[in-house]
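What you see is a predicted model; the values in this text were computed from it and never measured.
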Amino acid sequence: MKTKFIYLITLFFLTASVSAQIDRSVQPKPGPAPKINLGKPQTFELKNGLKVLVVENHKLPRVSASLTIDNTPIFEGEKAGVSSLTGSLLGSGTKNIGKDAFNEEVDYLGANISFGSQSARLSSLSKYFPRVLELMADAAQNPIFTQEEFDKEANLLKDGIKSGENSVQNIANRVQNLLAYGKNHPYGEYTSIATVDNVTLADVQTFYATYFKPNNAYLVIVGDVDFKEVKKIVTKNFIKWQQGVVPSYDIPTTVNVSETEIDFINMPNAVQSDVTVLSTVDFKMTDSDYYAVLLANQIFGGDFNSYLNMNLREAHGYTYGARSGINPNKYTAALFSAGAQVRNMVTDSTVMETMKELTKIRSTKVTAEELEIVKATYVGSFVRNIEKPETVARYALNIKTNNLPEDFYETYLDKLNSVTIDDVERVAQKYFSADNARIIVTGKALDVLPNLEKLPYKINYFDKEGNPTSKPEMTKPIPVGVTKQTVIDGYFKAIGGVDKIKALESTMASYEASAMGSTILSTEKRTATKYSNETSMGGNVLAKIIMTKDLVTMNKQPLPPAMANEMNYTLGTFMEIGLLANENSKLSGIENVEGKDMYVISTKGEIVSTAIYFDIETGLKMKEMQTISMQGQTQNQESSYGDYQEFNGVKFPVTKTGNLGPQVVTFKLVDAKINEGVSESDFQ
């Protein structure tokens with residue numbers, strides 16, 4: 001016991017002595033960068049030019065392999081989408097094994113095989129790797145492109161394009177790339193329904209035959225394998241892959257604007273704006289500035305604690321996240337971009353704050369602490385990653401495809417740590433343009449243009465295809481005598497008569513759609529004071545919403561009271577009855593939607609906001625947009641109505657089109673009733 005006591009006393013005084021010698025007011029100096037002993041993959045090359053990199057790792061009985069064809073960027077022009085369709089069709093069976101048998105065997109082996117237009121990947125247990133690699137090689141070299149599969153994939157691609165046409169982010173990304181690079185640049189073109197319609201099965205076959213060649217191909221294999229065995233297996237399965245002359249495209253030179261400007265794309269349905277500042281710059285991994293640019297971008301907008309995010313998110317609450325990025329490109333100009341998605345009302349402020357932070361990183365030296373923190377972040381990430389065998393393979397592939405020095409990653413940390421404060425300022429001025437940048441704003445003109453016009457930048461206007469256009473028509477004057485009451489009464493008159501609609505005791509409408517291989521049924525039932533909507537798929541109820549004046553439940557779970565309060569205006573045999581009585585709704589203007597002028601009646605709440613569009617000519621409701629903002633998340637839902645037909649003396653829209661996840665789905669009316677088919681049990 002005495003011995004233990006003496007030990008504790010000794011330990012206490014030793015600890016106190018050490019603590020006394022440390023000045024905790026002074027930040028410790030970083031130690032030397034860790035010595036990097038990066039393993040090198042074993043390599044070999046086939047006569048057809050296929051280069052193979054193998055990293056043996058026997059910790060787990062698994063293997064992964066990736067085939068990368070490093071062609072120059074491909075310009076598809078009027079057939080944009082042919083590469084996407086080629087990638088979708090690869091793996092749909094081979095000349096030696098049908099699609100179903102191929103997929104069944106892959107599943108049976110517990111493996112995964114996927115393809116892109118210039119790539120292929122697999123993962124499997126090591127004992128099945130020889131067969132799985134054989135399947136991937138067969139599919140890569142002996143594909144069968146059938147008209148049936150082509151038609152299916154083309155329709156899926158067009159559905160995806162349609163679903164993205166109302167997405168602010170999709171349109172913003174499209175036009176940003178187009179304006180930065182130009183329509184004749186591989187990075188500036190985009191896939192549209194028109195270009196997909198130009199693509200034939202023969203085009204896919206030609207694209208594959210032209211570009212899917214081993215000349216510039218790399219096969220990287222990582223996992224529980226033996227190099228000698230891998231060499232035999234790969235040679236056996238890929239030696240017959242024929243070389244060919246792969247054409248290259250003369251990539252146009254990119255040109256930034258002569259002075260910073262705002263490029264505006266009008267999205268009338270937008271509840272948020274996408275604000276992105278961008279410019280192109282010559283930046284490659286082989287540049288001596290590479291390391292300094294990485295650190296400068298990290299400080300400016302590369303992570304949560306960056307200048308940009310701390311300003312736009314933390315200081316002002318404009319957005320849930322703001323970031324910047326610049327990725328090196330060996331073929332053409334790199335793109336530097338910075339921005340965020342923000343509320344409409346703060347779009348102009350976001351532009352100014354982003355430009356303020358951009359000016360700051362270019363003109364004010366970062367602190368020693370800021371620089372050391374981002375260096376430590378990169379060092380920690382790098383050291384963690386090199387423990388992974390797939391990192392060794394990826395770094396080796398980077399060295400090959402980017403013409404990097406063999407010791408690029410061995411000296412990575414030393415070069416990163418040698419970056420100085422002056423280096424950060426210098427590269428920010430060189431690579432992060434503030435004077436020749438495009439400030440691309442994609443949003444709702446009615447909400448954001450008046451304030452954008454007050455900023456000290458010229459504004460140019462573009463449509464959703466990136467074509468120059470005139471300034472959007474902001475609003476049309478509402479004719480004298482037109483009110484919310486007259487618009488809604490006009491709608492009631494169009495569907496059956498004002499008095500008749502207001503006298504209804506109940507309504508019921510069932511709509512059916514096909515999606516994801518199943519039938520979806522949505523049934524809506526209404527009385528003057530209650531509402532229910534039941535959605536089922538394949539006969540199974542997915543969701544049931546019940547609403548009364550004071551309560552909204554989903555699957556019997558109450559939604560927040562504030563949400564219920566903001567939604568109760570939709571009660572009534574037709575929701576427009578409640579809309580008419582709602583004090584927070586108003587006739588907000590006239591907007592042109594797809595060539596038709598429409599009255600817009602809107603509501604705005606803390607959680608739920610809506611905009612309902614009525615065709616001026618027919619009086620019919622044509623579109624409804626709803627935004628729900630809750631718990632830091634925003635969900636937008638848009639529905640379009642058409643083909644009104646009479647049921648039991650009242651007109652209902654026969655088609656309702658809306659988004660179901662990423663897919664656009666059209667519901668068809670299968671049954672409609674008035675004053676029957678609704679009971680009290682429907683609201684329990």
Side-chain angles (χ1 to χ4, degrees), residues 268-269 271 444 446-447 473-509 524-531 547-550 552 563-594 596-627 637-642 644-653 656 672 674-675:
N269 65 310
V271 295
K444 186 175 181 178
L446 287 172
D447 291 348
E473 188 174 15
M474 298 298 288
T475 186
K476 293 184 177 181
I478 298 174
V480 176
V482 176
T483 64
K484 179 178 74 173
Q485 175 85 49
T486 63
V487 171
I488 292 177
D489 281 352
Y491 170 58
F492 290 158
K493 181 179 179 181
I495 63 174
V498 176
D499 293 338
K500 183 173 185 176
I501 298 301
K502 292 182 178 180
L504 293 176
E505 296 180 0
S506 68
T507 57
M508 187 278 287
E524 180 181 284
K525 296 184 178 183
R526 292 176 169 275
T527 69
T529 59
K530 296 180 180 179
Y531 164 89
M547 184 189 310
T548 64
K549 183 177 181 181
D550 302 313
V552 179
M563 185 177 185
N565 183 57
E566 291 182 3
M567 292 181 68
N568 63 23
Y569 76 87
T570 62
L571 291 172
T573 52
F574 278 83
M575 67 163 284
E576 288 73 23
I577 294 175
L579 185 67
L580 190 57
N582 182 256
E583 295 180 355
N584 292 324
S585 64
K586 65 177 182 178
L587 176 61
S588 55
I590 298 174
E591 293 186 28
N592 189 277
V593 179
E594 297 180 356
K596 292 185 177 182
D597 285 341
M598 298 191 186
Y599 292 121
V600 184
I601 295 179
S602 60
T603 69
K604 189 169 182 61
E606 293 295 323
I607 298 176
V608 182
S609 298
T610 59
I612 305 171
Y613 295 74
F614 299 89
D615 189 317
I616 290 179
E617 184 178 344
T618 65
L620 295 172
K621 179 171 70 173
M622 303 305 294
K623 188 169 79 165
E624 183 177 345
M625 295 169 53
Q626 185 179 76
T627 301
Q637 183 65 43
E638 179 175 328
S639 299
S640 299
Y641 305 93
Y644 279 79
Q645 293 182 24
E646 187 175 306
F647 287 79
N648 303 308
V650 176
K651 288 184 178 179
F652 290 83
K656 291 202 303 184
I674 61 171
N675 297 333

J.: Charged N to carboxylate O under 4.0 angstrom, Glu591 versus Lys444?
T.: yes

J.: Using a 3.5 Å distance criterion without hydrogens, assess whether the side chain of Asp615 forms a donor-acceptor pair with backbone atoms of Met598.
T.: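 It does not hold such a pair.
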
J.: Is Lys549 close to Thr529 at the side-chain level, that is, under 4.5 Å between some pair of heavy atoms?
T.: no

J.: Is Val482 close to Tyr599 at the side-chain level, that is, under 4.5 Å between some pair of heavy atoms?
T.: yes

J.: Measuring from Glu624:CD to Tyr641:OH, what's the distance to the nearest 0.5 Å?
T.: 4.0 Å

J.: Rounded to the nearest 0.5 Å, what separates atom NZ in Lys621 from atom CE in Met575?
T.: 5.5 Å

J.: May I ask you to check whether Thr610 and Tyr569 show a side-chain donor-acceptor distance below 3.5 Å?
T.: yes

J.: For Thr507 versus Thr573, what's the shortest heavy-atom pair and its separation?
T.: OG1-O, 2.7 Å

J.: If only atom types and distance count, is the side chain of Arg526 paired as donor or acceptor with the main-chain N or O of Tyr531 below 3.5 Å?
T.: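 Not at all, since once roles are kept as given, no pair shorter than 3.5 Å links the two residues.
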
J.: To the nearest 0.5 Å, what is the distance between CG (Leu620) and NZ (Lys651)?
T.: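 Nearest 0.5 Å value for the CG-NZ distance: 6.5 Å.
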
J.: Return the minimal non-hydrogen interatomic distance between Ala611 and Val600, and the atom names on each side.
T.: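 Result for this residue pair: CB-CG1, 4.1 Å.
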
J.: Can you name the residues that form a ring-ring contact (aromatic ring centres under 6.0 Å, His included) with Phe652, not counting sequence neighbours?
T.: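 Phe652 satisfies ring-ring contact (aromatic ring centres under 6.0 Å, His included) with Phe574 once adjacent residues are dropped.
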
J.: From Lys484 NZ over to Ser602 OG, what is the distance, rounded to the nearest 0.5 angstrom?
T.: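 Spacing of NZ (Lys484) from OG (Ser602) equals 10.0 Å.
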
J.: Quick check: closest heavy atoms across Thr548 and Lys530, and the distance to 0.1 Å?
T.: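 Residues Thr548 and Lys530, closest heavy atoms: CG2-CG, 4.1 Å.
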
J.: Find the distance between NZ (Lys586) and CD1 (Ile601) and round it off to the nearest 0.5 Å.
T.: 12.0 Å

J.: When the side chains of residues 577-584 are checked against the rest of the protein, which donor-acceptor pairs come out under 3.5 Å, sequence neighbours left out?
T.:
from	atom 1	to	atom 2	distance (Å)
Asn582	OD1	Asn584	N	3.1
Asn582	OD1	Ser585	N	3.0

J.: For Met547 versus Met567, what's the shortest heavy-atom pair and its separation?
T.: SD-O, 3.5 Å

J.: Taking atom CD1 of Ile607 and atom CG of Asn565, what is their separation to the nearest 0.5 Å?
T.: 9.0 Å

J.: Determine, step by step, whether Asp489 and Lys502 satisfy the side-chain contact (heavy atoms from CB on, under 4.5 Å) criterion, reporting the C-alpha distance in whole Å, the side-chain angles of both residues, the deciding distance to 0.1 Å, and the verdict.
T.: CA-CA 10 Å; Asp489 281 352; Lys502 292 182 178 180; 3.5 Å; yes

J.: Looking only at heavy atoms, what is the nearest atom pair of Ile590 and Pro477, with distance?
T.: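 Residues Ile590 and Pro477, closest heavy atoms: CD1-O, 3.7 Å.
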
J.: Would you mind telling me which of Val487, Thr486, Ile488 makes a side chain to side chain contact (heavy atoms under 4.5 Å, CB included) with Leu587?
T.: Val487

J.: Please check if atom CD in Glu505 has more than 12 non-hydrogen atoms from other residues, nucleotides or ligands closer than 6.0 Å.
T.: no

J.: Which atom pairs, one a donor and one an acceptor, fall under 3.5 Å between side chains of residues 490-499 and the rest of the protein, sequence neighbours left out?
T.:
none

